[in-house]
Engineer: 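One structure follows; several queries about it will come next.
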Number of protein chains: 2
Amino acid sequence: MSTTRPTKSPYHHGDLRRAILTAALDVIAADGPSALSLRDLARRAGVSHAAPAHHFKDRTGLLTAIAAEGFGLLAGAIGEAADLKDAGVRYVRFAREHPAHFQVMFAPELLRDGDLELTTSRALATDALRGAVSAVPPEGRGPDARLAGVAAWSLAHGFATLLLGHNLDGAVGERDPEEVFRVLASMLFRPAPA
Amino acid sequence: MSTTRPTKSPYHHGDLRRAILTAALDVIAADGPSALSLRDLARRAGVSHAAPAHHFKDRTGLLTAIAAEGFGLLAGAIGEAADLKDAGVRYVRFAREHPAHFQVMFAPELLRDGDLELTTSRALATDALRGAVSAVPPEGRGPDARLAGVAAWSLAHGFATLLLGHNLDGAVGERDPEEVFRVLASMLFRPAPA
DNA sequence: GAGGCAATCTTGTCAGTGTCAAGTTGTGGA
DNA sequence: TCCACAACTTGACACTGACAAGATTGCCTC
């Protein structure tokens with residue numbers, strides 16, 4: 001009776017948790033987190049309206065799980081970066097490939113504050129960013145390495161956010177956003193004037 | 001019977017529209033737009049549950065009005081900027097002083113697309129930003145003036161967003177965020193190496 | 001100043017939602 | 001085989017946004 005079941009069904013539904021997560025990501029990417037309805041997700045998965053609660057407790061739990069997953073993915077992406085500029089490019093790429101995760105990750109009022117899984121995966125991502133910053137030679141960053149990280153994060157985060165909100169459609173035009181960001185990043189980190 | 005009425009009462013309530021806007025800004029600043037309830041706002045203003053609808057039509061209308069007001073305020077702030085760095089500082093200051101406006105302004109899925117008031121006030125803000133960019137001497141910005149504007153906007157927007165989300169508490173610490181941003185801005189726009 | 005009109009607000013209602021409690025079904029281990 | 005537990009269902013409740021229709025109030029005109 002189910003629509004898209006992954007052939008095997010170890011439990012009643014198959015993998016309801018994943019099914020609901022995926023459906024939620026679709027909805028959020030299309031219409032934002034506020035358009036999310038647990039009952040609608042249950043309907044899409046072909047289960048009863050209260051089934052999602054067993055996997056995520058409540059709405060906040062679902063969104064927290066999404067955010068945690070997002071930070072894990074982001075940490076993985078940044079961890080493989082060659083240098084800081086590459087890390088920024090990967091940050092922007094992550095936001096474009098996982099817009100729903102990205103939105104939820106930075107909407108703290110939608111998340112469960114003390115959640116362990118969220119805290120650890122966020123720490124992982126922060127560490128990855130710190131690692132990329134510390135790889136920059138001292139003459140490339142300013143006097144304060146901490147602020148160099150803030151600058152890089154701000155630039156990448158702002159660009160990604162504005163991009164997803166279609167605020168840069170005119171300025172970026174047909175160009176590849178990642179290439180545009182490379183230009184921005186090279187404006188930020190270049191040797192100080194003689 | 002009303003709690004805080006501005007002495008005069010030109011209509012039934014006084015100024016219900018403003019009262020609801022103000023209450024909405026309080027709620028959003030505290031718990032985000034998703035915590036907003038029209039019925040709750042009506043309760044706070046001491047009116048019936050359907051009263052807000054007459055001023056804003058629906059939830060989207062209320063949020064659209066807030067966004068339009070925000071872009072108007074932002075345009076005014078940036079319009080008075082001395083140079084691009086100052087415009088960035090004012091952008092960050094605006095976000096800190098009007099966090100609710102700022103959040104809503106950049107949540108397009110919560111807004112009425114074609115709204116006239118929103119479109120015009122947003123255009124005003126965009127023009128103000130463009131003006132600040134064009135005031136930068138050519139050697140300070142890169143080859144493409146358009147991209148210089150994108151870089152400045154991205155840096156300011158990212159910094160403001162991360163700041164409001166308490167993602168920079170550790171890095172900024174006790175320092176004045178505006179001063180921190182000045183440092184970031186001077187990293188972005190400095191003469192090209194010889 | 002009296003009457004009418006439109007803006008403002010109220011009352012009532014409906015479908016939809018999140019969340020809780022209690023019951024049912026299926027699974028894997030002893 | 002049986003039992004404990006996880007996965008899910010059913011039912012209920014308070015709350016919400018939205019709509020329709022009615023009541024009230026201030027203003028404008030004559």
Side-chain angles (χ1 to χ4, degrees), chain A residues 1-24 27-28 30-66 104 107 109-112 115, chain B residues 1-24 27-28 30-66 104 107 109-112 115:
Chain A
M1 63 177 82
S2 180
T3 54
T4 47
R5 162 147 50 174
T7 61
K8 59 171 181 172
S9 73
Y11 294 114
H12 304 176
H13 169 275
D15 191 355
L16 182 57
R17 186 185 156 90
R18 201 3 88 186
I20 290 186
L21 278 173
T22 305
V27 172
I28 295 171
D31 300 320
S34 60
L36 198 111
S37 152
L38 290 181
R39 288 174 108 106
D40 177 50
L41 298 179
R43 245 173 269 131
R44 293 179 185 228
V47 295
S48 79
H49 63 91
H54 194 269
H55 292 275
F56 302 103
K57 168 143 180 86
D58 55 13
R59 224 180 103 97
T60 302
L62 170 58
L63 291 166
T64 302
I66 290 176
V104 175
E109 71 275 6
L110 300 178
L111 308 178
R112 186 105 53 208
D115 186 84
Chain B
M1 62 179 84
S2 179
T3 55
T4 48
R5 162 150 48 177
T7 63
K8 60 174 180 173
S9 72
Y11 294 113
H12 304 176
H13 169 275
D15 192 355
L16 182 57
R17 185 185 156 90
R18 198 7 85 186
I20 289 186
L21 278 173
T22 305
V27 173
I28 295 171
D31 300 321
S34 60
L36 197 106
S37 151
L38 291 181
R39 289 176 109 105
D40 178 50
L41 299 179
R43 245 174 269 131
R44 293 178 185 229
V47 295
S48 79
H49 66 247
H54 195 269
H55 292 274
F56 302 104
K57 171 146 176 85
D58 56 12
R59 226 181 100 97
T60 303
L62 170 58
L63 292 167
T64 302
I66 290 176
V104 174
E109 72 275 5
L110 300 179
L111 308 178
R112 187 106 50 208
D115 186 84

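Since the model is a prediction, treat every value here as computed from it, not as a measurement.
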Engineer: Protein within reach of the bases, or only the backbone? For nucleotides 10-18 of chain C, mark each nucleotide 5' to 3' as B, S or -, using heavy atoms under 4.0 Å.
Structural biologist: BBBB---SB

Engineer: To the nearest Å, give me how far apart CG (A:L16) and C1' (D:dA7) are.
Structural biologist: 9 Å

Engineer: Do any side-chain atoms of residues 45-55 of chain B form donor-acceptor pairs under 3.5 angstrom with protein atoms, and if so which ones, sequence neighbours left out?
Structural biologist:
none

Engineer: Can you tell me how far C1' of D:dC8 sits from CD1 of A:I20, to the nearest Å?
Structural biologist: 11 Å

Engineer: Can you list every salt bridge (Lys or Arg N to Asp or Glu O under 4.0 Å) pair that touches residues 52-64 of chain A, not counting sequence neighbours?
Structural biologist: A:D58-A:R112

Engineer: Show me, pair by pair, the donor-acceptor contacts under 3.5 angstrom made by side chains of residues 33-40 of chain B, not counting sequence neighbours?
Structural biologist:
residue: B:S37; atom: OG; partner: B:R39; partner atom: N; Å: 3.4
residue: B:S37; atom: OG; partner: B:D40; partner atom: N; Å: 3.1
residue: B:D40; atom: OD2; partner: B:R44; partner atom: NE; Å: 3.2

Engineer: Could you go step by step and tell me if B:V27 and B:L41 meet the side-chain contact (heavy atoms from CB on, under 4.5 Å) rule?
Structural biologist: CA-CA 9 Å; B:V27 173; B:L41 299 179; 4.2 Å; yes

Engineer: What pairs with B:R43 under side chain to side chain donor-acceptor pair (under 3.5 Å), at least two apart in sequence or on another chain?
Structural biologist: none

Engineer: Rounded to the Å, how far apart are B:F56 CZ and C:dT8 C1'?
Structural biologist: 14 Å

Engineer: OP1 or OP2 of D:dA7 sitting under 4.0 Å from any side-chain N/O of A:H54?
Structural biologist: yes

Engineer: Find the distance B:L63:CG to D:dG17:P and express it as a whole number of Å.
Structural biologist: 11 Å

Engineer: Both B:R17 and A:K57 contact DNA chain C. Taking the nearest nucleotide for each, which residue is further toward the 5' end?
Structural biologist: B:R17

Engineer: Which pairs, with at least one residue in residues 47-56 of chain A and sequence neighbours excluded, count as a salt bridge (Lys or Arg N to Asp or Glu O under 4.0 Å)?
Structural biologist: none

